[in-house]
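Data block below; observations after.
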Amino acid sequence: MGEIQLALVAFGLLGASAALGFFLRQRLSDQHLSDHNIEALRLVTGLLVTFTALVLSLLLASVKASFDTTDRDRRMYAASLAAFDQCLQGYGAETAAMRAVLREYTAGVIASTWPDEEKPTGVVLPDLAGVARVGEDRTLKALITGVGLSLAALDPKDAFHQNQLAACRLSFDDVMHRREAVIEDAQGTMSGLFSRVLMFWLMLVFISFGLQARHNRFTVVAIGIGALAISTVIFVIADLDKPYGGVFGIPSTSMRNALEDMLR
């Protein structure tokens, strides 16, 4: 389910919960709606509101922190790819084929991770049929692993090339480390079961709102504003939990800049 659809469903459920509260209030006798009972209900509602507000704020903070970590890891990954290409270039003409595969790999990552954007030009693209948008992918893994095998097969003839090869191997290890971090970051952190439980708590809150308030235009508008605010928060949380899509998606700028550096 998309982020917008999820927010609309949340808004509908919260509105329906408030309507259920209004319905139950109309069916209760005056004895049940005494000031003492309403005050007790307000205490329970205050507890629920405080609890759900705390959970929502912590969840939003957690998802935002995860999003920022993913963004940082992606930029560091792009920088490590560019640095590795520069190291290969410094080694000499023997690494020309490896650099071409590295450019192909980088272009493939861009095209597969951001399929709605314009594909990179001026470079050979791998076959992207069935390539996963996030997570591990065999096609792209084979390309970057092939670069590593070719690097290991190099036979330096002098001290300069020996030192350069050692530096390139360290740079390649850094690329693979950054790559694993990016793959892990893209998995998302929200649990479906936890999201359903949280929605159930919010529905209880809005049912209690309906039980306490008299059914008139003012209360309907006020509760509607509250439902809209909560559904907006849910939209933001769901969108941030998918770092490579939606309104707040991580851009491809850093990867495209790395590819431009490789093509110079």
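Computation of the quantities below employed the complete heavy-atom set of this structure, encompassing side-chain atoms and omitting hydrogens, waters and symmetry-equivalent molecules.
Minimum interatomic distance between S252 and E117 (heavy atoms only, all atoms of both residues): OG-OE1, 2.6 Å. Shortest non-hydrogen contact noted between L102 and I144 is CD1-CD1, 3.9 Å. Of all heavy-atom pairs between M203 and L14, the closest is N-CD2, 4.0 Å. Minimum interatomic distance between L259 and P120 (heavy atoms only, all atoms of both residues): CD2-CB, 3.6 Å. A83 approaches S171 most closely through the heavy-atom pair C-OG, 3.9 Å. Contact record, T52 with V49: OG1-O, 3.1 Å, taken as the closest heavy-atom pair.
Under the 4.5 Å side-chain heavy-atom criterion for Ile, Leu, Val, Met, Phe, Trp and Tyr, I223 and L228 are members of distinct hydrophobic clusters. Placement of L128 and V109 within a single hydrophobic cluster is found when ILVMFWY residues are connected by side-chain heavy-atom separations under 4.5 Å, directly or transitively. Under a hydrophobic clustering in which Ile, Leu, Val, Met, Phe, Trp and Tyr are joined whenever their side-chain heavy atoms come within less than 4.5 Å, directly or via other members, M76 and Y244 fall into different clusters. The hydrophobic cluster containing L60 also contains V205, counting ILVMFWY residues as joined when their side-chain heavy atoms lie under 4.5 angstrom apart, directly or transitively. One hydrophobic cluster, built from ILVMFWY side chains closer than 4.5 Å, holds both F206 and F51.
A distance of 11.0 Å separates CG in L240 from CG in D71, rounded to the nearest 0.5 Å. To the nearest 0.5 Å, atoms CG (L165) and CD (E94) are separated by 10.5 Å. Here D173 contributes atom CG and R169 contributes atom CZ; the two are 9.5 Å apart, rounded to the nearest 0.5 Å. Note that CZ of R256 is 12.0 Å distant from OG1 of T106, once rounded to the nearest 0.5 Å. Once rounded to the nearest 0.5 Å, the distance linking CG of D127 with CD of E104 reads 10.0 Å. Within the model, atoms CD1 of I207 and OG of S17 stand 4.5 Å from one another, a figure rounded to the nearest 0.5 Å.
Relative ring orientation between Y91 and H161 is described as perpendicular, the plane-to-plane angle rising above 60° on a 0-90° scale split at 30° and 60°. Between F22 and H215, the ring-plane angle classifies as parallel under the 30° and 60° cut-offs.
Tested against V63, the residues V236, D239, D241, L58 include a single side-chain contact (heavy atoms from CB on, under 4.5 Å) partner, D241.
Side-chain contact of Q89 with T95: a donor-acceptor pair under 3.5 Å is absent, judged by distance alone. No side-chain N or O of N257 forms a donor-acceptor pair with one of S254 less than 3.5 Å apart. For the residue pair R179 and Y105, a side-chain donor N or O sits within less than 3.5 Å of a side-chain acceptor on the partner.
No donor-acceptor pair under 3.5 Å is formed between the side chain of T113 and the backbone N or O of I110.
Within 6.0 Å of the CD1 atom in I4, the count of heavy atoms belonging to other residues, nucleotides or ligands does not exceed 12. Within a 6.0 Å sphere centred on CD of E118, heavy atoms belonging to other residues, nucleotides or ligands number 12 at most. Atom CZ of R214 is surrounded by 12 or fewer heavy atoms from other residues, nucleotides or ligands within 6.0 Å.
Using a 4.0 Å cut-off between charged nitrogen and carboxylate oxygen, K157 and D155 count as a salt-bridge pair. Between D68 and R72, no side-chain nitrogen of the basic residue sits less than 4.0 Å from a carboxylate oxygen of the acidic one, so the salt-bridge criterion is not met.
E39 is listed as a side-chain neighbour of R42, based on a closest heavy-atom distance under 4.5 Å.
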